Each structure stands twice: as structure tokens, then as C-alpha cells.
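All figures in this text were calculated on a predicted structure; none of them were measured in a lab. Numbers restart at 1 for each chain; the letters A, B, ... are given by sequence-line order, proteins then strands. Below, all heavy atoms of this structure are taken into account, side chains as well, without hydrogens, waters or symmetry copies.
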Protein chains: 2
Amino acid sequence: MVTAPRDSRERRVTVRDVAAHAGVSQATVSQVLSGSRPVAEETRARVLAAVQELGYRPNHFARALRQQKSHTVAIVVPNITHVTYPMVARGAGEILGPLGYQVALYDTNGLRATEKQIVRTLTDRMVDGAIVFGYPLAPSDARMLQESGVAVVNGSPGSESSPLWDTVQVDETAALRYLTRTLAARYDGPIAYIGGPSGHNTAPRREAGFRAGMQDLTLATDPRLTTSAPYTWAGGRSALTAMLEAGLRPRLVVCANDMIAIGAIAAAREYGLDVPGEVAVSGYDNIDAAEMAVPPLTTVEASPFEQGRAAARLLLERMTDTYRGPARHLTLSAEPVIRASA
Amino acid sequence: MVTAPRDSRERRVTVRDVAAHAGVSQATVSQVLSGSRPVAEETRARVLAAVQELGYRPNHFARALRQQKSHTVAIVVPNITHVTYPMVARGAGEILGPLGYQVALYDTNGLRATEKQIVRTLTDRMVDGAIVFGYPLAPSDARMLQESGVAVVNGSPGSESSPLWDTVQVDETAALRYLTRTLAARYDGPIAYIGGPSGHNTAPRREAGFRAGMQDLTLATDPRLTTSAPYTWAGGRSALTAMLEAGLRPRLVVCANDMIAIGAIAAAREYGLDVPGEVAVSGYDNIDAAEMAVPPLTTVEASPFEQGRAAARLLLERMTDTYRGPARHLTLSAEPVIRASA
DNA sequence: TTGAAAGCGATACCAG
DNA sequence: CTGGTATCGCTTTCAA
């Protein structure tokens with residue numbers, strides 16, 4: 001039995017080898033491969049044959065060193081384990097991968113310090129572009145990236161108005177407004193809202209949507225029925241429990257995310273209230289658990305895949321200089337998903 | 001107002017600049033930075049000062065070209081949107097990031113063809129190492145990676161015995177065996193098992209665990225109560241419904257994953273059976289929805305973060321040549337998470 | 001239409 | 001202890 005030598009990293013085939021084999025110069029080989037200048041059909045064929053025969057594969061570092069382009073795109077997110085980011089990453093990868101871009105993942109862990117660190121790494125590594133999701137990029141960081149020639153697309157609530165970078169957004173306000181309007185028209189009685197923690201990026205936007213929806217129907221919002229909670233099951237459960245304990249009986253509870261909503265359903269159930277018979281509940285995000293909830297949760301579905309794809313497309317145009325105009329701001333709308341809970 | 005010139009990519013500071021500034025040779029600068037040979041304390045200080053002053057940052061491509069090392073690790077997974085992979089990626093990133101490694105994400109989309117394609121990309125891009133999760137790597141691909149000097153760690157059921165690469169495993173069989181034994185001892189009556197789809201990697205391992213657990217208690221498994229379903233809510237629901245329709249009344253249903261289990265709970269509930277009063281149900285994976293289920297789901301928690309960290313550590317030792325012995329196989333155990341459903 | 005040769009920016013060998 | 005310089009593999013002028 002033949003054993004491959006340990007660490008047999010054979011010398012790779014280079015342009016030089018191909019050139020020799022085809023009886024042309026390195027320059028010609030390069031030109032044939034990149035199409036950067038016309039080459040006689042006959043030599044072209046000879047070069048391609050040699051490439052085939054020798055199994056030539058270009059060296060990315062040499063290329064990158066020469067061209068100052070890495071063919072790498074960074075995806076920067078606060079926490080890759082949060083449901084939407086993997087989908088965004090996949091959407092972006094779908095577009096970028098087949099075009100030869102490597103997708104590098106950077107998780108800031110929600111820390112500004114880590115974020116700064118990462119921005120330095122990105123310029124050091126000369127990524128061609130960065131897709132930043134989850135929070136608006138600090139202007140100083142954005143400047144730094146811009147100055148190193150890194151294209152940036154930001155996808156996160158609150159980055160809309162920046163003239164510094166292209167953005168991809170989901171209009172959370174509009175989505176929750178529409179959902180609120182639709183559901184509020186269906187139920188007679190007090191309407192409650194359990195929002196996200198103040199300080200969280202998305203919280204004010206979603207709350208604004210709720211309020212706008214109420215206003216559309218000229219309904220007043222009752223402050224005792226408008227509260228906030230951590231974006232968790234426990235948060236939703238205790239928020240609704242508190243209202244019920246206080247003797248309040250909302251007929252509909254609009255929640256800022258699905259985990260809060262599923263927690264609220266639990267609270268209602270513990271109180272012996274039927275969902276949606278006595279209390280209707282809605283969420284936002286359409287996480288896996290929403291479909292499996294009892295009853296299945298009415299919610300809102302943003303399209304993270306499409307956000308990722310869209311971001312990648314905008315970025316591509318920047319990286320290839322296909323587009324070089326002012327910052328573009330793309331807004332996608334989120335769709336209501338009506339299930340049994342409301 | 002001062003406007004930065006468009007695309008003002010200023011020339012980066014190089015070793016040459018630092019050398020000139022410090023009045024030493026390029027070689028010395030390089031040596032100081034890498035510590036690869038002793039340098040007089042005084043010159044050392046001068047060089048470091050120059051580095052500071054000029055804001056020198058090394059060029060990764062030049063380095064990579066010279067050393068044939070990219071300081072990049074690839075994480076290859078079949079589908080980044082599946083719960084566990086982001087956690088694995090994060091665990092690995094936690095270890096690798098601070099050490100200066102870039103983590104590149106590759107999603108094979110579950111396709112062998114894409115996988116082959118990716119392996120080529122990895123060797124082209126000269127990644128130093130690859131962490132492959134989700135399926136055993138094809139031997140031909142493994143060979144190709146090995147030959148290009150790419151270190152590999154495989155984390156997936158079914159790769160244990162390979163002498164070709166290090167592995168990180170979770171002992172699913174042991175976990176389900178233990179869970180089965182624990183739960184079966186608690187309930188009097190028929191015990192059912194809803195497994196994953198045959199053909200799926202994990203299905204036979206989990207089923208083996210169930211059977212072993214039954215055997216431990218010298219309980220016989222009833223073929224009519226042992227079935228399989230897609231790894232989905234709908235799959236679990238219809239599998240249990242089918243049993244109930246057939247007049248079977250399992251007292252405990254052990255399921256191969258959480259989605260099946262939550263579906264089974266739904267089926268029981270639709271049949272007017274109390275969980276866990278009349279039917280107890282358990283799952284596997286401890287997904288978010290498990291905690292939010294009604295009743296909260298008893299399940300098994302593998303530790304994907306730790307798998308990621310462990311894989312990264314093994315890989316590091318290979319990449320740095322700290323370890324160069326035969327393939328190592330690390331097994332982590334998964335913990336039962338007892339909640340109200342069983 | 002093609003070739004020769006100058007870099008890109010770092011490292012590592014060989015001298016001194 | 002330090003300096004000069006060849007080299008990694010490719011792209012891209014400049015000349016022919």
C-alpha cells in the first residue's frame with residue numbers, strides 16, 4: 001500500500017509553468033485568463049490546453065497582493081446565534097459565493113469594543129466589502145472603512161438616513177401598523193401592547209407602528225395597557241401577568257416579538273383565559289416556535305434571506321464600481337402571517 | 001467643510017517605511033515584530049516606536065504569499081440556518097478570532113456537488129484549517145485537503161472511526177439511552193419511539209440509544225410503537241396521530257428531536273389526552289421552542305458551543321504543529337434537560 | 001499580437 | 001546582533 005508522504009504539500013503549478021508548457025510568456029497566460037487584452041485565437045487555445053493539462057489554479061494571495069483586492073466580503077453581526085442573522089448570511093452567500101467571493105463571518109458579540117477591533121481587522125485583511133447588520137455602524141468606523149476603500153452596506157433599523165453607506169431595511173413600523181390595524185378591527189375591547197426593552201434598537205420603531213395603527217382606527221392607547229419587557233418568553237409572561245393581576249382585561253395583546261407573545265399566551269392560559277377566544281395575541285419575527293405554539297401564533301415575517309441577497313447585490317455594484325452614485329436606501333416590507341392566535 | 005477625496009485609499013505604511021524611520025533594515029523590523037530572532041533592546045524600542053508613530057499594520061497578503069499560510073479557517077456546514085451550526089461557529093470563532101484567525105463560512109446547502117466545489121475553493125484560498133460539521137467528509141475530499149496541507153476537524157455523527165482527521169462528537173446514543181432509561185422507569189405502560197427519517201445521519205444513532213435504554217430495563221420494544229418521521233412538527237404530529245388512530249395508547253413517547261416531540265404533543269392534545277398526565281413526551285436538541293412549549297419539553301442538550309470550541313482547539317494544535325500524532329477523537333456527552341412534558 | 005521586467009509587501013537566508 | 005537581497009505568484013506597464 002502506498003502512503004502519501006506526510007505533509008506532501010506539492011509545489012503548486014504556477015503561471016510560469018503554464019507559460020513554459022504552452023511556449024508563451026507569463027504575461028500572455030495572465031491575459032488569456034483574465035481577458036484583459038486580445039490574444040490570438042491559436043495561442044489562446046494553447047494556453048487553455050496547458051492550464052487544463054497541468055491543472056493550474058491561480059494563487060489568490062499573489063493576485064490580491066498585486067491588485068489590492070481580496071475577493072472577500074465580511075458579514076458583521078452582533079450575534080450569529082440570533083435567528084435572523086444566519087438567514088441574512090445565507091442570502092448574501094447565495095449571491096456572493098458563486099461569484100468567487102469568500103464570505104468571512106465576524107461576530108461582534110454586541111460589544112462596541114469588539115466592533116472597533118473588527119473594523120481594524122477588516123482593513124488589515126483588505127476585505128472588498130462589508131455587510132453590517134444589527135446596528136448602525138459608528139460614523140468613525142464607517143469613515144475608516146471608507147478610507148480604506150471597503151464598500152459598506154448596513155442593514156439595521158436606524159441607519160436609513162445616513163449618506164455614508166447604502167442600506168437595506170425592513171419597515172417594521174409599517175408592518176406593525178398594518179398588523180395592528182387589521183387585528184384591532186377584529187376585536188371589541190381594550191387593546192394592549194407589550195414592547196421591547198427601551199434601549200433596544202427595534203423597540204421604538206415597533207411601538208410607533210402599534211401607535212400608528214391604533215390612530216388609523218382612531219382608537220386611543222391606554223397607558224396602563226402599554227408596557228415593555230425584555231425580548232424573552234419570561235418577559236412576555238410576566239408583563240401580561242402584571243396586567244391581569246392589576247385587573248386589566250385586554251381583548252387583544254400586540255407584542256413586539258414572538259417570544260414575548262408566546263410568553264403572554266402562557267400567562268393568559270395560566271389565568272384560565274382562552275386564546276384567542278378571550279384574549280388574542282400577536283407577535284413579530286415568525287420564529288420556528290411561532291408555528292409550533294398553541295395556538296399557532298399570528299405574527300409578522302420579515303424576509304431575512306431577501307435582506308441578505310439585497311445587501312449583497314448593492315455591495316457588489318459598489319465593489320465592481322458598477323454603481324458609484326450617492327448612498328442608496330432600500331426598504332423591504334414585512335408580511336403579516338395570520339394564524340390562530342389572533 | 002473638508003471632503004475626503006473619493007476613494008482616497010492612501011498608500012499603506014510598509015515595513016520599508018518603518019525601517020527607514022527607525023534607521024534599521026527591513027529584516028530587523030520583521031524580526032522585531034515576529035520575535036523570530038533576538039534583537040538588541042535599544043533597536044527593538046526604536047522599531048516599536050516607529051511602528052506606533054507611523055501606524056504600521058502588516059499586509060496579510062504579502063505575509064500569506066511568503067509563508068503560504070492564510071491565517072484563515074473555514075467552517076463548512078450543510079445549512080447555516082439550522083439551529084446548532086451558528087452556535088458551533090460562534091464557539092469556534094471565540095477561540096480563533098482573538099488569535100488572529102479569520103473565520104470563513106461555507107454553506108454546502110446539503111449538496112455533495114457544492115461540497116466538492118468548496119473543497120477546491122479551500123485549497124485555492126489556502127485556508128490553514130477547516131472545521132467541517134454536519135456530515136462525514138468524503139474521503140476523496142479529505143485527501144485533497146490533506147494534500148494541500150489543510151488541517152481538518154470533522155464534527156458529525158458517523159465520522160468517529162476515520163484515521164484521516166480529528167473529530168469532535170456528541171454521543172447521541174448514550175444521551176438517548178440515558179434519557180430513555182430515566183423516563184421509562186417513571187411511567188407504567190407502553191413506550192413509543194418516533195425516530196428521524198432513515199437516511200438521515202443522526203437517525204440510527206438516536207434510535208440505537210432508545211433501544212439500548214429499553215434493554216437496560218429489560219423492556220421489549222413494540223414494533224407498532226416504533227416509527228419514524230421527518231424531523232418536523234408536522235412529522236411528529238402525524239406520526240403520533242397515526243398510532244392513536246390505530247388504537248395504540250403509549251404512556252411515554254420518546255422522540256428523536258424537539259420538533260417531532262412538539263408535534264406529538266399537539267397530536268396528543270388534539271386527541272384530548274393530557275401531557276404528561278396521560279402521555280409523556282420527550283425530545284432532543286433543546287431548541288428555543290422547547291422551553292416555550294406547553295408543557296415545557298423534556299429533552300437533551302448537546303453543547304454546540306463547546307463542540308465549536310473543542311473543534312477549534314484541536315484544529316489549532318494541528319495548524320501550529322503543536323500536535324502531529326495520529327487522529328484524535330473527542331466525544332462530548334449531552335445532558336438531559338428534564339422539564340414538565342415527561 | 002506578444003514578451004521582458006518591474007513591482008505588490010513581507011520573510012528568511014546568507015553574510016558580515 | 002544586523003543588513004542586503006532573493007523570493008512567494010501574479011498583474012501590468014513599456015517596448016517591440
(message) I'd like to know if the side chain of Thr14(B) reaches the main chain of Arg16(B), judged simply by a donor and an acceptor atom lying under 3.5 Å from each other, with no hydrogens or angles considered.
(response) yes
(request) Could you tell me the separation between the NZ atom of Lys69(A) and the C1' atom of dT11(D), rounded to a whole number of Å? (result) 14 Å
(message) Does dG3(C) have its OP1 or OP2 closer than 4.0 Å to a side-chain nitrogen or oxygen of Ser25(A)?
(response) yes
(message) I want to check one thing: is the phosphate of dG3(C), taken as OP1 and OP2, less than 4.0 Å away from some side-chain N or O of Thr28(A)?
(response) yes
(message) Should the side chain of Arg63(B) and the base of dT11(C) be counted as holding a donor-acceptor pair, with the cut-off at 3.5 Å?
(response) no
(request) Give Val39(B) one of three labels, base, sugar-phosphate or nothing, depending on what nucleic acid heavy atoms sit under 4.0 Å from its own. (result) sugar-phosphate
(request) Report the residue (Arg66(A) or Ser34(B)) whose heavy-atom-nearest nucleotide on DNA chain C is the more 5′ of the two. (result) Arg66(A)
(request) Using modelled atom types only, decide if a donor and an acceptor are shared between the side chain of Arg309(A) and the backbone of Glu94(A) within a distance under 3.5 Å. (result) no
(message) Between Asp128(A) and Val73(A) (side chain of the first, backbone of the second, donor and acceptor by atom type, cut-off under 3.5 Å), is there such a pair?
(response) no
(message) Between P on dC10(D) and NE2 on His71(A), what's the gap in Å once rounded to a whole number?
(response) 15 Å
(request) Choose from dT2(D), dT12(D), dT1(C) the nucleotide whose nearest atom is closest to any side-chain atom of Gln67(A). (result) dT12(D)
(message) Between P on dG9(D) and CG on Asp124(B), what's the gap in Å once rounded to a whole number?
(response) 14 Å
(request) State whether Thr14(A) places a side-chain N or O below 4.0 Å from either non-bridging phosphate oxygen (OP1 or OP2) of dC8(D). (result) no
(request) Would you mind classifying the nucleic acid contact of Val29(B) as base, sugar-phosphate or nothing, using non-hydrogen atoms under 4.0 angstrom? (result) nothing
(message) Both Ala27(A) and Val24(B) contact DNA chain D. Taking the nearest nucleotide for each, which residue is further toward the 5' end?
(response) Val24(B)
(request) Between Ala62(B) and Glu42(B), just flag the one whose closest nucleotide in DNA chain D comes earlier from the 5' side. (result) Glu42(B)
(message) Checking contacts here: which listed nucleotide (dT2(C), dT11(C), dC1(D)) is nearest the side-chain heavy atoms of Val15(B)?
(response) dT11(C)
(message) Given dC1(D), dC10(D), dG4(D), identify the nucleotide with an atom nearest to the side chain of Pro58(A).
(response) dC10(D)
(message) Rounded to whole Å, please give me the gap between CD in Glu41(B) and C1' in dC1(D).
(response) 13 Å
(request) Determine: side-chain N/O of Ser36(A) to OP1/OP2 of dT11(D), distance under 4.0 Å, yes or no. (result) no
(message) Has Ser30(A) got a side-chain atom pairing as donor or acceptor with Gln26(A)'s backbone, closer than 3.5 angstrom?
(response) no
(message) If I take atom CD in residue Gln31(B) and atom C1' in nucleotide dC13(C), what distance separates them, rounded to the nearest angstrom?
(response) 10 Å
(message) Side chain of Leu65(B) only, heavy atoms from C-beta on: which candidate in dG9(C), dC1(D), dC10(D) is closest?
(response) dG9(C)
(message) How many whole angstroms separate atom CZ of Arg57(B) from atom P of dG9(C)?
(response) 16 Å
(message) With a sphere of 6.0 Å drawn around CZ of Arg120(B), does it hold more than 12 non-hydrogen atoms of other residues, nucleotides or ligands?
(response) no
(message) Taking the basic N atoms (NZ, or NE/NH1/NH2) and the acidic carboxylate oxygens, is any pair closer than 4.0 Å for Arg313(A) and Glu317(A)?
(response) no
(request) Using atom CG of Asn59(B) as one end and atom P of dG9(C) as the other, report the distance to the nearest whole Å. (result) 7 Å
(request) Could you check how far NE2 of His60(B) sits from C1' of dC8(D), rounded to whole Å? (result) 17 Å
(message) Using OP1 and OP2 only, check whether a side-chain N or O of Gln68(B) sits under 4.0 Å from dG9(D).
(response) yes
(message) At 4.0 Å (heavy atoms only), tell me whether Ala40(A) reaches a base, stays on the sugar-phosphate, or touches nothing.
(response) sugar-phosphate
